[in-house]
Amino acid sequence: MKDCKFRNYLTSNIDIDIHQLEQCLSYQEVKTFKKGAHLLQEGDICKYAYFVEKGLLRTYYIDDKGKEHLLQFAPEGWFITDHDSMYYQKPSAYYIQALEDSTVHQLSNSFFEHLASQNQDFSQFNTRLLHNHISHLQRRIIQLISATAEDRYLSFTQMYPDILLRVPQTMVASYLGITPESLSRIRKDLALRNFYKK
């Protein structure tokens, strides 16, 4: 069924009947993007949050020296957006890009407003989502400040178990805040340790 992940996501997290669901889905669009396409670019005002039905997206920014810094991956079943730009309607500092051919649900503020007005459960659920997002960002900051590169890598593999098979190692290193060479050493050391445990 088309958009089954998004339908399942909504019905498994909020109490919503079929009529409400179909009405709410009319406030969103399903879009497809080719690998490499940008859904958001620096300087744009972010108009949408995206739910990934199929494929893989990333958020990154480019610093003054032209270096890319990867902030988030969004595989199937994940949301991705620039909250700051979307909420305050100000130019984004970030890029959102498709890393694979991707199908997404494009959700505007009107979608969230309509769903909240029609369904009390959604308001509570959306608040939980925002708190979870803030909590994740806080943990990520603490990790970048104080965790070892190996601990950051192990945490990454728990959060994104299949991403290493889907993206270049340079992107994973960028997310972790380390060089590709350091990432290679970490993976080699862990593989050797696991080998000698057997």
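Side-chain contact between K5 and K54: absent, with no pair of heavy atoms (C-beta onward) separated by less than 4.5 Å. Considering only heavy atoms from C-beta on, Y160 comes within 4.5 Å of P75 through its side chain. Side-chain contact check for N109 versus Y87: every heavy-atom pair is 4.5 Å or farther apart. Between H131 and H136, the closest side-chain pair of non-hydrogen atoms is not below 4.5 Å. By the 4.5 Å heavy-atom criterion applied to side chains, E100 and R166 are counted as neighbours. Inter-residue side-chain proximity for V30 and Q28 is flagged as met; some heavy-atom pair is nearer than 4.5 Å. Contact annotation: the side chain of L99 never approaches that of L57 to less than 4.5 Å [non-hydrogen atoms, C-beta and beyond].
In terms of heavy-atom proximity, Y27 sits nearest to S110 at CD2-O, 4.0 Å. Nearest heavy atoms, H114 versus S117: O-OG, 2.7 Å.
Remark: the R185 side chain and the S182 side chain contain an N/O donor-acceptor pair separated by less than 3.5 Å. Between the side chains of H105 and E29, no donor-acceptor pair is found at a separation under 3.5 Å. No side-chain donor-acceptor contact under 3.5 Å links D44 and S92. A donor and an acceptor atom, one from each side chain of S135 and R139, are located under 3.5 Å apart. With no hydrogens or angles considered, a side-chain donor-acceptor pair links D151 and T148 at under 3.5 Å. A donor-acceptor contact under 3.5 angstrom links the side chains of Q143 and S155, judged on distance only.
Counting only distance, with no hydrogens or angles, the side chain of S85 and the backbone of P91 share no donor-acceptor pair below 3.5 Å. In this structure a side-chain-to-backbone donor-acceptor pair under 3.5 Å is missing from E53 to G77. Side chain of T157 to backbone of L154: a donor-acceptor contact under 3.5 angstrom is found. Although no hydrogens or angles enter the test, the distance criterion places no donor-acceptor pair under 3.5 Å between the side chain of D82 and the main chain of C46. Side chain of Q89 to main chain of M86: a donor-acceptor pair is present (N/O by atom type, distance under 3.5 Å, no hydrogens or angles). Proximity of a side-chain donor or acceptor of D121 to a complementary backbone N or O of D15 within less than 3.5 Å is detected. A donor-acceptor pair under 3.5 Å is absent between the side-chain atoms of S102 and the main chain of G55, judged by distance alone.
The distance between the ring centers of W78 and Y9 does not fall below 6.0 angstrom. Aromatic ring centres of Y95 and Y61: separated by at least 6.0 Å. Between F111 and Y48, a ring centre-to-centre spacing not shorter than 6.0 Å is recorded. Taking the six-membered ring for Trp, F156 and Y175 have ring centres closer than 6.0 Å.
Summarising the geometry, atom CD1 belonging to I134 is positioned 8.5 Å from atom NE2 belonging to H83; distances are rounded to the nearest 0.5 Å. Atom OH of Y50 is separated from atom OG1 of T103 by 14.0 Å, given to the nearest 0.5 angstrom. Rounded to the nearest 0.5 Å, atoms CD (Q97) and CD1 (I80) are 10.5 Å apart. Distance check, rounded to the nearest 0.5 Å: CG of L183 to CZ of R152 gives 11.0 Å. Taking NZ of K67 as the reference point, atom CG of D63 lies at 7.0 Å (rounded to 0.5 Å). Between R187 atom CZ and Q169 atom CD the span is 5.0 Å, to the nearest 0.5 Å.
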As a quick check of understanding, evaluate side-chain contact (heavy atoms from CB on, under 4.5 Å) for R140 and L137, giving each step before the final call.
CA-CA 5 Å; R140 182 146 155 68; L137 289 177; 5.5 Å; no
For K90 and D84, what are the C-alpha separation, side-chain angles and deciding distance, and is it a side-chain contact (heavy atoms from CB on, under 4.5 Å)?
CA-CA 8 Å; K90 66 181 189 181; D84 194 36; 2.7 Å; yes
Derivation of the side-chain contact (heavy atoms from CB on, under 4.5 Å) call for L115 and L10
CA-CA 11 Å; L115 189 49; L10 291 175; 4.2 Å; yes
Go through it in stages, so that I can follow the logic: the residues are R58 and E68, the test is salt bridge (Lys or Arg N to Asp or Glu O under 4.0 Å), and I'd like the CA-CA distance, side-chain angles, deciding distance and then a yes or no.
CA-CA 12 Å; R58 69 164 175 161; E68 284 188 11; 3.0 Å; yes
Could you walk me through whether E181 and S184 pass side-chain contact (heavy atoms from CB on, under 4.5 Å), step by step?
CA-CA 5 Å; E181 294 76 19; S184 292; 5.6 Å; no
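In this structure, E76 places its CD atom where more than 12 heavy-atom neighbours from other residues, nucleotides or ligands lie under 6.0 Å away. Heavy atoms from other residues, nucleotides or ligands lying under 6.0 Å from OH of Y94 number 12 at most.
The same ILVMFWY cluster, assembled from side-chain heavy atoms under 4.5 Å apart, contains both I178 and F73. Residues F6 and V52 do not share a hydrophobic cluster, clusters being chains of Ile/Leu/Val/Met/Phe/Trp/Tyr side chains in contact below 4.5 Å. If you chain together hydrophobic residues whose side chains sit under 4.5 Å apart, L39 and F79 never meet in one group. One hydrophobic cluster, built from ILVMFWY side chains closer than 4.5 Å, holds both I163 and M171. Using a 4.5 Å cut-off between side-chain heavy atoms of Ile, Leu, Val, Met, Phe, Trp and Tyr, with links allowed through other members, V172 and L71 fall into different hydrophobic clusters.
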